[in-house]
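Note sheet for the following structure.
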Protein chains: 2
Amino acid sequence: MSKSIDNPECLFCNTRMHSFFNVLDKSQLQLLTQHKSCAIFKKGQYVFNEQGLPHGLFCVNNGKIKLSTIGFDGKEQILRLAKSGDVIGYRALISNQRYHCSAIAIEDSSVCIIDKNFFFQTLENNNKLLFEIAKKIGNDLKIAEEHIVSLSQKNVRERVAEALLFLKATYGFAPDGQTINITLNREEIADYVGTSTESTIRFLSEFNHEKIIEISGKKIKIINLSKLTKTANLMD
Amino acid sequence: MSKSIDNPECLFCNTRMHSFFNVLDKSQLQLLTQHKSCAIFKKGQYVFNEQGLPHGLFCVNNGKIKLSTIGFDGKEQILRLAKSGDVIGYRALISNQRYHCSAIAIEDSSVCIIDKNFFFQTLENNNKLLFEIAKKIGNDLKIAEEHIVSLSQKNVRERVAEALLFLKATYGFAPDGQTINITLNREEIADYVGTSTESTIRFLSEFNHEKIIEISGKKIKIINLSKLTKTANLMD
DNA sequence: ACTAAAATATGACAAATGTCATTTTTTAAT
DNA sequence: ATTAAAAAATGACATTTGTCATATTTTAGT
């Protein structure tokens, strides 16, 4: 199980401004603090589970979470990635449906859990918040549909390059300014790209030999960003 | 350009009950009628265009519309399909962003266009409607992410079978109870499946020889639904 | 530091899919 | 009904990608 920890004040949450809770005012935030709890999820733990019913909303306070689903031969498909300040679990909650994907901690993460009933009460009186959530889901849809085009039309080499750019866009660089600030194993990268682990390894090795990236274990440095962008067949 | 026609009453719109406008009451529907116009889009005409800014919301009164985007080598990707009663263009409108896909009439269609400002005014006073739209976008997201898993993990044969089931699920059967009630050419099916036109043709021919379907021109009859479902690697 | 287990890497080959050329069929215009 | 154009079908082949086997490297636990 996840481990409960001190319940931080939403008002002073440094990641809140990036999430859709930035539309709440001071008193609403104080109320929010009273209706949520915070927990630590160790690497590999499930924040929520595919097929489960939502009982609350999850706010990533600190850490990294993957949203993934198990496909047809037990193969995992990574659908989205969440970082500090991201809210997850809103789609199923809003629709009052079962989760269609699981949320799994990629590294130890602290996550606030907002009570479902309180959340719905807040929504009823807060059109603005609902609007923000609708926009957020809409943005997810746009990104998902871009992923569809990529999967349909790009080859594996292009998609592996694209995956690295996606990881960089999501989690940025480590303090050295070059190393992608997330540690996924090759299988997980493959599970995002939609290919086999071996193919992913092959293309990463290729990029390494072509001095586009520099690999040391699971750490990936982007040496030549513009070449990587060209390799991904993206124009900017 | 599209051709304006008589403006039907939303109150008596027989397709409305299937869309998220079913949460509006009688007076709201009468008001809605005053703030929309209806137009005919001939087969091939654009209802809205990728990259364009939304000026209203589109409600398919009658007909069939494809939502698609142009990918990397000018290849089209069909993302969604709309039928009578479906509303389209809500994602970009809600987010106040440019459309990320085009809406093109697959056959002659009549489409009501609801004024943007009126729509936003209605939303402000109607939490329930906004809620329905959020749910609708959430459902689109779920479907898109299922499509991602399919594109990542299934082979082309399975995806072609899946495409036929998708067409059947969306548009149902013609009066004969077997013929899929939509006419797409092979290229368009390929543009949904994410494969080449030739591969699509090959697998359709295969299904034909295996007596799973029966092809006569663009008309496709599903002869053996359970076998088609198995071919798609779907379990139900 | 040592060892077993897991992850990564690589080669060889098979299978799936795309591409191009060509034929056949269908569609639409006169 | 005739004909030209477009779409569908098919074959041959090239390319891409997956699979399996095996070697190498890294990681984690003692």
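Just so we're on the same page: letters track the sequence lines, and every chain starts at 1. Just so you know, these numbers come straight off a predicted model, no measurement behind them.
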Exercise. Looking at residues 211-225 of chain B, who's got a heavy atom less than 4.0 Å off DNA chain C?
Worked result: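 Output list: empty, so none.
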Problem set entry | Contacting residues from residues 149-158 of chain B, given that a heavy atom lies under 4.0 angstrom of DNA chain C |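 Within this stretch, B/Asn155, B/Val156 sit under 4.0 Å of the strand.
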Short side-chain N/O contact from [X] to OP1 or OP2 of [N], under 4.0 Å:
X        : N      : value
A/Ser205 : C/dT8  : no
A/Arg202 : C/dA9  : no
B/Thr195 : C/dT17 : no
A/Ser196 : D/dT17 : no

[N] [atom2] sits how many Å from [X] [atom1], rounded?
X        : N      : atom1 : atom2 : answer
A/Asn185 : D/dT25 : CG    : C1'   : 15 Å
B/Arg159 : C/dA16 : CZ    : P     : 14 Å
A/Glu206 : C/dG11 : CD    : P     : 12 Å
B/Ile189 : D/dA9  : CD1   : C1'   : 14 Å
A/Ile201 : C/dG11 : CD1   : C1'   : 13 Å
B/Glu198 : C/dT22 : CD    : C1'   : 12 Å
A/Glu188 : C/dA6  : CD    : P     : 16 Å

Counting only N and O atoms by type, is there a donor-acceptor contact under 3.5 Å from the side chain of [X] to the main-chain atoms of [Y]?
X        : Y        : result
A/Ser102 : A/Ile104 : no
A/Lys154 : A/Ala232 : yes
A/Tyr171 : A/Phe166 : no
A/Asp73  : A/Lys75  : no
B/Arg159 : B/Gly194 : yes

Exercise. Does a sphere of radius 6.0 Å around CG in A/Asp176 hold more than 12 heavy atoms from other residues, nucleotides or ligands, not counting ones at 6.0 Å or beyond?
Worked result: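 Check passes, neighbour count above 12.
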Problem set entry | Proximity to the side chain of B/Arg186 - top-ranked nucleotide from D/dA9, C/dT8, D/dA7 |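 The nucleotide sitting nearest to the side chain is D/dA9.
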Exercise. Should the pair A/Lys135 and A/Phe20 be classed as cation-pi, given the thresholds of under 6.0 Å to the six-membered ring centre and 45° from the axis?
Worked result: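 So A/Lys135 doesn't make the cation-pi contact.
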Problem set entry | Cation-pi geometry met for B/Lys136 and B/Tyr90 (6.0 Å, 45°) |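 No, B/Lys136 and B/Tyr90 do not form such a contact.
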Problem set entry | Sugar-phosphate only, base, or nothing, as touched by A/Thr197 at under 4.0 Å among non-hydrogen atoms |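 The answer is nothing, as A/Thr197 stays clear of every strand by at least 4.0 Å.
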For this session: Assign the ring pair B/Phe58 / B/Phe48 to parallel, tilted or perpendicular, where the plane angle (0 to 90°) is split at 30° and 60°.
Result: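 Taking B/Phe48 first and then B/Phe58, their aromatic rings sit tilted (interplane angle of 30° to 60°).
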